[in-house]
Amino acid sequence: MKTHHDKSSLNNSFILTSPNNTTIKWSRVSVFVVSTLILLLAFTACVKKAEPPLPIYGERELVGKDTVYHTIGDFSFLDQDSATITNSTFDNKIYVADFFFTSCRTICPIMKTQMMRVYDSIQNNDGVLLLSHTIDPEYDTVGLLHDYADRLGVKSNKWHFATGKPKEEVYKLAQLSYFSTAMEDKGDADGFIHSGAFLLIDKHRRIRGKYDGTKEEDVNRLLTDIRRLEKEG
């Protein structure tokens, strides 16, 4: 294809002649606009869409111009090292919580296998902790939880196993704060029923995700969401 300049409008256009002698007259403005559009489209294709923030679970209330969200209620328990743990233990931390009991023969072993995956992924991350509440504090004493954590080979400053009485306070915390099931059930073979949920809690004590701790694909989603939540700051 040959290029011919039209002398009458040399500063504003040029003519392209194709091999079949078809001529196309392009203004310099047109070429600039088309080139800009091509570059813009290429840039847009390369830029990844920003991920939306994770949802915030629970009721919310508008107070003046501020939105007040549901948060995890105050608690105080002992962990496997006899250390008192409260909400302040998790200040400025993301954490994953669940409910279990050591003598559980149904879903708890599966849950702990999956929670070990979470532990392995965050054990060197100072910004994320784990919290497992026993729903059988009368049997799951501090000493027993210490042995349980030792068998798992986990660090107590990274994964807290919490026990405390009365057990009704644990059930209340599970149901009203974490929106999780935890209660005694004499009709159950193990004497208790509880949810297999893993709850993702942000630095402001808000629930940002709920996952089935017995399903690998759901825990995969949790691992991804922990990284997403960290990006929120």
Taking C-beta and beyond as the side chain, do Leu200 and Ile207 meet within less than 4.5 Å on heavy atoms?
no
Qualifying residues under side chain to side chain donor-acceptor pair (under 3.5 Å), relative to Asp79, sequence neighbours excluded:
His160
Spatial distance of atom CD (Glu184) from atom CZ (Phe192) [nearest 0.5 Å]
5.0 Å
Can you establish whether the number of heavy atoms outside Lys172 located under 6.0 Å from its atom NZ is more than 12?
no
Walk me through it: do Tyr211 and Asp225 pass the test side chain to side chain donor-acceptor pair (under 3.5 Å)?
CA-CA 10 Å; Tyr211 314 86; Asp225 286 352; 2.7 Å; yes
dist Leu152:CG -> Trp159:CH2 (nearest 0.5 Å) comes out at 5.5 Å
Please determine whether a side-chain nitrogen of the Lys or Arg among Lys167 and Glu138 lies less than 4.0 Å from a carboxylate oxygen of the Asp or Glu.
yes
Is there a side-chain contact between Gln80 and Val142 in this structure, where contact means two heavy atoms from C-beta onward sitting under 4.5 Å apart?
no
Please report the shortest heavy-atom distance between Asp202 and His204, naming the atom on each side.
OD1-N, 2.8 Å
CZ of Phe90 to CG of Leu129, rounded to nearest 0.5 Å, is 6.0 Å
Quiz: residues 226-233 side-chain donor-acceptor pairs under 3.5 angstrom, not counting sequence neighbours:
unit_1: Arg228; atom_1: NH2; unit_2: Pro52; atom_2: O; d: 2.6
unit_1: Glu230; atom_1: OE2; unit_2: Asn125; atom_2: ND2; d: 2.6
unit_1: Glu232; atom_1: OE1; unit_2: Arg208; atom_2: NH1; d: 3.2
unit_1: Glu232; atom_1: OE1; unit_2: Arg208; atom_2: NH2; d: 3.2
unit_1: Glu232; atom_1: OE2; unit_2: Leu54; atom_2: N; d: 3.3
unit_1: Glu232; atom_1: OE2; unit_2: Arg208; atom_2: NH2; d: 3.1

Residues passing the ring-ring contact (aromatic ring centres under 6.0 Å, His included) test with Tyr57, sequence neighbours excluded, are none
Would you please test Asp140 and Thr163 for side chain to side chain donor-acceptor pair (under 3.5 Å) and show each step?
CA-CA 7 Å; Asp140 289 338; Thr163 186; over 6 Å; no
Say whether, by atom type as modelled, one donor and one acceptor occur between the side chain of Lys210 and the main chain of Phe179 under 3.5 angstrom.
yes
Any side-chain to backbone donor/acceptor pair from Thr113 onto Pro109? Under 3.5 Å, distance only.
yes
Taken to the nearest 0.5 Å, the spacing of Gln114 CD from Leu222 CG works out to 10.0 Å
Pairwise ring pair (Phe, Tyr, Trp, His ring centres under 6.0 Å) hits with a residue in residues 120-144, at least two apart
Phe75-His133, Phe77-His133, Phe99-His133, His133-Tyr178
Could you check Lys215 against Ile110 for side chain to side chain contact (heavy atoms under 4.5 Å, CB included), going step by step and ending with a plain yes or no?
CA-CA 9 Å; Lys215 294 183 178 178; Ile110 303 171; over 6 Å; no
Might you work through the side chain to side chain donor-acceptor pair (under 3.5 Å) test for Asp136 and Thr134, ending with a clear yes or no?
CA-CA 5 Å; Asp136 187 10; Thr134 177; 6.0 Å; no
Euclidean distance, Leu144 CG relative to Ser103 OG, rounded to 0.5 Å
8.5 Å
Exercise answer: donor-acceptor pairs, residues 58-74 side-chain atoms, under 3.5 Å, sequence neighbours excluded:
unit_1: Arg60; atom_1: NH2; unit_2: Ile56; atom_2: O; d: 2.7
unit_1: His70; atom_1: NE2; unit_2: Ser177; atom_2: O; d: 2.8
unit_1: Asp74; atom_1: OD1; unit_2: Arg205; atom_2: NH2; d: 2.7

Would you find a donor on one side and an acceptor on the other, under 3.5 Å apart, between the side chain of Lys93 and the backbone of Asp126?
yes
Side chain to side chain donor-acceptor pair (under 3.5 Å) partners for Asn220, two or more places apart:
Arg117
Could you measure the distance from the CG atom of Asp98 to the CG atom of Leu131? Nearest 0.5 Å is fine.
8.0 Å
